[in-house]
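Residue numbers start from 1 in every chain, and the chains themselves are labelled A, B, ... in the order their sequence lines are given, proteins ahead of strands. In this text, all values refer to a predicted model and were calculated from it rather than measured experimentally.
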Number of protein chains: 2
Amino acid sequence: MNAPTDVAHLLPTVEQREVPEAFLAALKQRFGAQCSTALAVREQHGRDESAFVSVPPPAAVVFAESTRDVADAVALCAQYKVPVIPFGVGSSLEGHLLAVQGGISIDVSRMNQVLAINAEDLTVTVMPGVTRKALNEAVKSEGLFFPIDPGADASIGGMTATRASGTNAVRYGTMRENVLALEVVTAEGKVVRTGTRAKKSSAGYDLTRLMVGSEGTLGVITEITLKLYPLPEAISAAVCSFPSIEAAVRCVIQVIQLGVPIARCELIDANTVRMVNAHSKLGLREEHMLLMEFHGSPASVKEQAETVQDIASEFDGNAFEWATTPEERTRLWTARHNAYFAAIQTKPGCRAVSTDTCVPISRLADCLLDSVAEADASGLPYFLVGHVGDGNFHFGYLIDPDNVDERRLAEELNVKLVTRALQLEGTCTGEHGVGLHKMGFLLDEAGAGAVDLMRTLKRALDPDNILNPGKIFSA
Amino acid sequence: MNAPTDVAHLLPTVEQREVPEAFLAALKQRFGAQCSTALAVREQHGRDESAFVSVPPPAAVVFAESTRDVADAVALCAQYKVPVIPFGVGSSLEGHLLAVQGGISIDVSRMNQVLAINAEDLTVTVMPGVTRKALNEAVKSEGLFFPIDPGADASIGGMTATRASGTNAVRYGTMRENVLALEVVTAEGKVVRTGTRAKKSSAGYDLTRLMVGSEGTLGVITEITLKLYPLPEAISAAVCSFPSIEAAVRCVIQVIQLGVPIARCELIDANTVRMVNAHSKLGLREEHMLLMEFHGSPASVKEQAETVQDIASEFDGNAFEWATTPEERTRLWTARHNAYFAAIQTKPGCRAVSTDTCVPISRLADCLLDSVAEADASGLPYFLVGHVGDGNFHFGYLIDPDNVDERRLAEELNVKLVTRALQLEGTCTGEHGVGLHKMGFLLDEAGAGAVDLMRTLKRALDPDNILNPGKIFSA
């Protein structure tokens, strides 16, 4: 058992390395007004949406506007052996952005151009600062969309770095399946391309997928080529209430096992529905429910919905309520995406400790129900949402960040949940990444041998350990 | 331009390293009758289905029966710095199995057990020597199937190592998308597990996908966990003839761009249809044709077929001929899979130099048609088949292996084809892998920077370069 059993790791070990004056001078000379050392800017770049106790911020923030900028910044970091942490919009959840070893932040939000839409090939190439919503705006007029949708309007660079997914992954896969090619700046400051626009390839090691999910520790992503999908001819969304979480989950398991190509299949527990209703003025029935969406031709959408309705009724699900217009659907999914914000507004000043396990679908009920019982018994308020079609779900325990007892309680719940998920052949993180928070759990999940392989790869590609050091595993 | 322009590389550089007597003695002591040094056995393990001039065979063949056997064999190789080449069924096409630096072969064909079918999670765990047909036999009674189907009845271990795909990849993806977890023996002889049975994960570096497609150069795969799929409720297969290859290809491009979830979409040119008819007694119209298959509910299959029929008629495709019974379908796809063998039987004693490019779908016509013209002009007999829904196709030039002029001619055609594919943003190998044959092309495709990254990874994981050395890139 390598996972922490108390909150000590929420006060991460800070080993700030020296950031030489000569380095800062060189950085300012190269980047001028693109380089900021203002405290407020640095502080904004030294934290994320996690509940981590803050650590000293990075020494400077470079606002990169091009691959050249990123390469030059990293080359300077390499020269002076200064850590460098890439930053998109700051929406990560596991402490990825904290400058635990000091160094600088490279903010790529100004690298926000959609470089090429190849509609006829269903591909798009973007800079890393493009957000998922901006991308979808850009490709909508071509009749295309990009399905990966973490809750936040995250940057594509950040989504690539954390192997993000979201509500559509059950049908369309995650960033793992949807990144075709990358441009990456290596630890030496060299620009390298991985992959091509071909849909498949057996040409050597899969560097693209090695970079996807590497959380800024193997390279800084400066360009991403993604798969796109034709907007479905027909879309329909439905909500269905269930008498218990168990009934909802058992319904989902059967839908997946039957191979229904459902596009979205989300669980929200009754308590979270209440929060979402209050936040988004939705008027949903305040019961445990599945939010579902079907994509396809009109006939196939109808057929999928009928199949799922039949299954739902076996588990005492209520008749579907339909969101048929685009506006209603957008309202529904926006509310779902805002569950996190809806929840944290119910307890002023709180932070959410998010969990993120994923288990084989047959183990979902076992994993989820025991964790619900534990959360209920703890007395901590929480929200519960899940991409249950993938076996992935999230509790968010709402804590007062200054209350050590609440931190400890939330962390104890998280430890129990992850331990259970691993026993059920699952993973300690379905889509948020390891960051600082899951380092112990990764060792439990993958074993020392596999983590040693990761460490060997890291040392080979980044011998001075300057790329987002102290994340995923200890050096 | 790093690709070879003549056939020099078809006489690969052989730098046989020493295989110490003490090593062979230790190997025999450990493995007894499981270790063979008989010439016929060694020769069988020192070649594959490629047209490479044979090189001296491995010094010994170990018939592994367990992960422990593999680990012990590799540990001995590590101790004596002796190269080791994993062997499944020997169906690879780019020289992967040739012992260009000597050493031994580990034959995993006796590791042929299906270890666990988790039908409710749609996963299966197998030993590497299980073949794709044996796997499908094993899971059929559960109502499940595994879609990846290279032409040969390849081993799952070999398919994983070469990132194989086949006719169903257009809908179900390749080995890249369908391997969930692995057990691998490292260059030190340690046993490591990567991945879990969870459908998605963000837990650290994607070691699974680093191993998939690494062609035995980073580890020896000893166990594979795969995704399975429910057998579709309805399946229908159809053949449709076209007046020209161009018409067939343009039809495919439109089908893909419209997002029709076609399960198989294969091109066979008229000449290859003739070969297949002769070999498999099929009686297909001897015209350029698409072989297609639709999976889904009865209504969705009907709808997909109607959509494709409409598109086909725009390109002067003939009315579909349907293969509706399972027997007819099996006959059709078996014939397709046997195209390679059908072709080589038309020219006694010949070998096929296979090509394997893949381009973005919009570039398919440009890439394919010019290559057809070049092949026709060359006068070499050839077959042409393609997983055209993925933008992937294969010429097989039929040469007399002892005729240097024919070798040169075939290789010139291949060079022109790959060069064109790379110019069109494609890849030098869609599914066969790099082996020996595509090493120069990989450098053209990926660039020196990316190949340097691959080399750095290789050196880190296999510092003594014992795992299938001399393949993918030069050390």
Side-chain angles (χ1 to χ4, degrees), chain A residues 120-121 123 162-163 165 169 174 177 190 192-194 196-207 209-210 212-214 229-230 257-259 297 299-300 303 358-362 390-392 425-434 442 445-447 449-450 453-454 456-457 460-461 472, chain B residues 120-121 123 162-163 165 169 174 177 190 192-194 196-207 209-210 212-214 229-230 257-259 297 299-300 303 358-362 390-392 425-434 442 445-447 449-450 453-454 456-457 460-461 472:
Chain A
E120 48 190 359
D121 293 321
T123 71
T162 54
R163 205 181 293 126
S165 50
T174 73
E177 286 80 20
K190 286 190 187 160
V192 168
R193 288 186 174 275
T194 73
T196 70
R197 292 206 302 113
K199 193 180 158 203
K200 64 183 198 181
S201 173
S202 291
Y205 301 164
D206 194 344
L207 297 177
R209 257 139 293 274
L210 181 63
V212 172
S214 64
Y229 296 84
Q257 288 174 349
L258 276 175
S297 68
S300 113
E303 194 174 48
C358 182
V359 293
I361 192 78
S362 72
D390 284 323
N392 181 210
E425 300 182 81
T427 178
C428 65
T429 168
E431 55 182 9
H432 293 171
V434 176
L442 176 66
E445 174 179 331
L453 279 193
M454 294 184 200
T456 302
L457 297 174
L461 295 187
I472 307 183
Chain B
E120 47 190 2
D121 293 321
T123 70
T162 53
R163 206 180 293 126
S165 50
T174 73
E177 286 80 20
K190 285 189 186 161
V192 167
R193 287 186 174 276
T194 73
T196 70
R197 290 204 303 113
K199 194 180 156 203
K200 64 184 197 181
S201 173
S202 290
Y205 302 163
D206 195 344
L207 297 178
R209 257 140 293 275
L210 182 63
V212 172
S214 64
Y229 297 84
Q257 288 174 350
L258 277 176
S297 68
S300 113
E303 194 175 47
C358 181
V359 294
I361 192 78
S362 72
D390 285 322
N392 180 211
E425 300 182 81
T427 178
C428 65
T429 167
E431 55 181 11
H432 293 170
V434 176
L442 176 66
E445 173 179 330
L453 281 192
M454 294 183 200
T456 301
L457 298 174
L461 296 187
I472 305 184

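With chain B as the partner, the residue from A:Gly259, A:Ser201, A:Gly426 showing the most heavy-atom pairs under 4.5 Å is A:Ser201. Between chain A and the options B:Val212, B:Leu461, B:Thr123, heavy-atom pairs under 4.5 Å are most frequent for B:Leu461. The greatest number of non-hydrogen atom pairs below 4.5 Å with chain B, out of A:Gln257, A:Lys190, A:Glu445, is found for A:Gln257. For the set A:Gly391, A:Ala169, A:Gly433, A:Gly213, the count of heavy-atom pairs under 4.5 angstrom toward chain B peaks at A:Gly433. Highest contact tally toward chain B, considering only A:Ser300, A:Ala460, A:Ser362, A:Cys358, is held by A:Ser362 [criterion: heavy-atom pairs under 4.5 Å]. Of the listed residues (A:Pro230, A:Pro360, A:Ala299), the greatest number of heavy-atom pairs within a distance under 4.5 Å of chain B belongs to A:Pro360. For the options A:Val192, A:Asp121, A:Thr427, heavy-atom pairs under 4.5 Å to chain B are most numerous at A:Asp121.
Of the possible donor and acceptor atoms, none in the side chain of A:Arg193 sits under 3.5 Å from a partner among the backbone N and O of B:Gly449.
Considering only heavy atoms from C-beta on, A:Ile472 comes within 4.5 Å of B:Tyr205 through its side chain. At least one side-chain heavy atom of A:Leu210 sits less than 4.5 Å from a side-chain heavy atom of B:Leu457.
For A:Glu431, the parts sitting under 4.5 Å from any heavy atom of chain B are the backbone and the side chain alike. For chain B, the nearby part of A:Ala446 is the backbone; its heavy atoms alone come within less than 4.5 Å. Heavy atoms of A:Glu303 lying under 4.5 Å from chain B belong exclusively to its side chain. In this structure, chain B has heavy atoms under 4.5 Å from both the backbone and the side chain of A:Lys199. The contact between B:Asp206 and chain A is made by backbone and side chain atoms together, counting heavy-atom distances below 4.5 Å. The contact between A:Thr162 and chain B is made entirely by backbone atoms, counting heavy-atom distances below 4.5 Å. For A:Arg197, the parts lying under 4.5 angstrom from a heavy atom of chain B are both the backbone and the side chain. Contacts between A:Leu207 and chain B at a heavy-atom distance below 4.5 Å involve the side chain alone, from C-beta outward.
To the nearest 0.5 angstrom, A:Thr194 atom OG1 is 8.5 Å from B:Met454 atom CE. Rounded to the nearest 0.5 angstrom, A:Ser202 OG and B:Leu442 CG are separated by 11.5 Å.
Electrostatic pairing of B:Asp390 and A:Lys200 counts as a salt bridge here, judged by a charged N lying under 4.0 Å from a carboxylate O.
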